[in-house]
Amino acid sequence: MDAAIAPVVLAWYDRQHRRLPWRSPPGQPAPEPYRVWLSEIMLQQTTVPAVMPYFARFLARWPSVHDLAAAPVDEVMEAWAGLGYYARARNLHKCAQAVSERLGGIFPDTVDGLLELPGIGAYTAAAIAAIAFDRPAAVLDGNVERVLARLFAVETPLPQAKPELRRLAEQVTPQQRPGDFAQAMMDLGATVCTPRSPDCLLCPLQAPCIARARGIAAGLPRKTAKAARPQRHATAFLLQRPDGAVLLRRRPPSGLLGGMLEVPSTPWHDTPWPADDIADHAPAARIAWAPLPGRAEHVFTHFALAITAVHGRIGAAAATKLDGLWQQPAEAVLPTVMKKMLGLLPDSAPKSKRNPRRGQGRP
DNA sequence: TAAACGTGGAC
DNA sequence: TGTCCAAGTTT
């Protein structure tokens, strides 16, 4: 029966495939490996709508892997700002340099070759091999895991079920059109076999789906509970020059927000900061720090950060003596959490998110 | 092996 | 408001 899976999925894909900028329609020649690679890196743990504008900008600015390799890494980081998981941007640049300089601009066309490159793991190597080079590699991402867990009623929770799901993926991957098959399985997972309420009536695998027969599709794949998210607290130092520019710094190259610009702040502590302790961590001495009204919250994968801010002013001459760089708040290109810190500045009107409260009660 | 690593949208 | 989650990789 497994042999019957691929043809059904491919026939569905021929009719229902999503049109995406990094993709060729079914039956057309494969897209350039550079585009496949760029899109796959951006799509790691990231939604298609979020990737869309970044992909367009990167491709317009750096049309080839050589162009990207030749770019200063800070420009690549800046272009990535807002997309998240910034190690991807650093590895993207490293990978471009490896391909451009060591491989003459030619991406490896095998899973093993691709796995050697920075930022390319099991999923991405298989995806590039299948989509760009038509290799029959078994592609296993979150979508495919879900489709297979339901199709074969795998009740073992993730991530323990991964080896079993991988075997199933290898079992159903066809020798013909493996790239289309990989994309078809992902489209199926993204549009029909969705996490919460799968649209089984529209599914081409309705008949062979064991979970559907047992009425447990929506509950698969099972997942082991994750740890609670701790709360941390920080106070940002919004130090402003007479021309309005604020002090920013470059974070260390690795770790959280590695290589990105930051607003100076207290350490991110597990308890709120007593007012008297805040100035101990200030980026400049002898500044009259004034607490600002308002607070912001930012949720990372593994902790949440409650943010308050203090405001200070500094003369143009004194400002030149500090480490860091000065940028106008509206023009700074920053990770989202840092933009939220700047959002606490007195005259920064755009609180885009719904932020009613404060003052008047409900009308 | 498990934890670190961002963000925004959906329900 | 809270929880889940999206085309994972690295250490």
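Residue numbers begin at 1 in each chain, while the letters A, B, ... track the order of the sequences. FYI, side chains are in, hydrogens and waters are out, and symmetry mates aren't considered; it's all heavy atoms of this structure.
Comparing C/dT9, B/dT7, C/dA6 by their closest approach to the side chain of A/Q44 singles out C/dT9. Distance from the side chain of A/T301 is smallest to B/dG6 among B/dG6, C/dT9, B/dA10. Side-chain atoms of A/P335 lie closest to B/dT7 of the nucleotides B/dT7, C/dT9, B/dG6. Considering only the side chain of A/A122, C/dT9 comes nearest among C/dT9, C/dC5, B/dG6. Comparing C/dA6, B/dC11, B/dC5 by their nearest atom to the side chain of A/R196 picks out B/dC11. The side chain of A/N91 lies closest to C/dT10, out of B/dG6, C/dA6, C/dT10. Comparing B/dT7, C/dA6, C/dC5 by their closest approach to the side chain of A/K226 singles out C/dC5.
Within residues 74-84 of chain A, the residues approaching DNA chain B are A/G82, A/L83, A/G84, by heavy-atom distance under 4.0 Å.
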Atom pairs, protein N/O to nucleotides 2-4 of chain B N/O, distance under 3.5 Å:
none

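If you check every strand for non-hydrogen atoms under 4.0 Å, A/T124 touches sugar and phosphate atoms only. At a threshold of 4.0 angstrom between heavy atoms, the contacts of A/V299 include nucleobase atoms, whether or not backbone atoms are also involved. Using a 4.0 Å heavy-atom cutoff across all strands shown, A/P49 reaches no nucleic acid atom at all. Nucleic acid contact for A/V48: base, since at least one base atom lies under 4.0 Å from a heavy atom of the residue.
Every salt bridge (Lys or Arg N to Asp or Glu O under 4.0 Å) that A/R135 has, sequence neighbours left out, goes to A/D109.
Under a 4.5 Å side-chain heavy-atom cut-off, the cluster of Ile, Leu, Val, Met, Phe, Trp and Tyr residues that includes A/V111 is completed by A/L115.
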Give the table of side-chain donor-acceptor pairs shorter than 3.5 Å for residues 190-205 of chain A, with sequence neighbours excluded, one pair per line with atom names and distance.
residue : atom : partner : partner atom : Å
A/T191  : OG1  : A/D187  : O            : 2.8
A/T194  : OG1  : A/S197  : O            : 3.3

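No option in A/K223, A/R214, A/R150 other than A/R214 meets the salt bridge (charged side-chain N to carboxylate O under 4.0 Å, His left out) test with A/E155.
Applying the 3.5 Å distance criterion, the base of C/dG8 shares no donor-acceptor pair with the side chain of A/Y123.
Cation-pi check for A/R232 over A/F303 is met; the charged atom lies under 6.0 angstrom from the ring centroid and within 45 degrees of its normal.
Note on residues 72-94 of chain A: pairs passing salt bridge (charged side-chain N to carboxylate O under 4.0 Å, His left out), not counting sequence neighbours, are A/R61-A/E75, A/D74-A/R250.
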